[in-house]
Amino acid sequence: MAQDVSGDGVTDLVYRSDVSGKLWLRKGIAASGGGVALSSLATAANSSGGEDNEYGASGWSSSGRPHLMGTPSADGDTVPDIWAVLADGSVRFYAGSKTALTGSGTEIIGRADYWKTRITIG
Ligand SMILES: [Ca+2]
């Protein structure tokens, strides 16, 4: 997802790495004319802080959680949240954090294979 996760008003990037099986947070830098300097999201070295930070611990590989979607806050705390369709077809909600996700999320929809092929539209 590309939204302001850190809460400084500048768009950040949260992405999955199948190499590590983790989620990573890359913090954006404000552009002089407003918005985010897109180049700050291009590489870890260009980002705010100069490195990507672990956002979701292991278990986020595409085999375990095939589909992910980041959305604006659904729980009212203003921090963007993450929704996942797991390999068993269940849909889980992960409350966003400004620094790193904690906990195992909340099951919103029980196992149903057809959710594996449904595409959510942000
Ligand atoms: Ca930010």
Side-chain angles (χ1 to χ4, degrees):
M1 76 171 134
Q3 299 192 43
D4 177 24
V5 172
S6 68
D8 63 358
V10 181
T11 299
D12 309 303
L13 188 65
V14 172
Y15 68 94
R16 171 196 358 232
S17 166
D18 264 341
V19 175
S20 64
K22 297 178 179 179
L23 298 181
W24 296 90
L25 171 62
R26 180 173 296 172
K27 290 186 249 181
I29 297 173
S32 57
V36 63
L38 296 175
S39 60
S40 71
L41 299 177
T43 65
N46 285 356
S47 69
S48 176
E51 62 181 10
D52 293 342
N53 299 105
E54 185 177 307
Y55 191 70
S58 60
W60 287 91
S61 67
S62 56
S63 59
R65 294 181 172 103
H67 303 290
L68 301 178
M69 182 176 69
T71 67
S73 178
D75 59 5
D77 68 358
T78 74
V79 181
D81 301 315
I82 292 178
W83 300 75
V85 179
L86 275 60
D88 67 4
S90 62
V91 178
R92 296 188 78 83
F93 171 81
Y94 299 84
S97 160
K98 292 182 177 179
T99 54
L101 296 180
T102 58
S104 56
T106 302
E107 185 174 281
I108 303 298
I109 301 173
R111 294 180 184 196
D113 283 347
Y114 50 78
W115 278 98
K116 294 182 192 177
T117 56
R118 288 182 173 177
I119 303 295
T120 43
I121 301 172

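Remember, it's 1-based here, ligands and their atoms both numbered in the order they're listed. Predicted, not measured: the structure shown is a model, and the values here were computed from it.
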**Asked** What about F93 and W83, are their ring centers closer than 6.0 Å?
**Response** yes
OD1 (D12) to the Ca ion (ligand 1) to OG (S6), nearest 10°, is 100°
The N/O/S atom of D4 lying closest to the Ca ion (ligand 1) is OD1
Examine all N, O or S atoms of S48, backbone included, and report whether one is under 3.0 Å from the Ca ion (ligand 1).
no
Worksheet item: Is the backbone N or O of T99 less than 3.5 Å from a side-chain atom of N53, with the two atoms forming a donor-acceptor pair by type?
Response: no
Notebook entry, point to check: Under 3.5 Å, side chain of Y55 to main-chain N/O of S97, donor-acceptor pair present?
Noted result: yes
With rounding to 10 degrees, V10 O, the Ca ion (ligand 1) and D8 OD1 define an angle of 90°
If the threshold is 4.0 Å, N to carboxylate O, is there a salt bridge linking D12 and K27? no
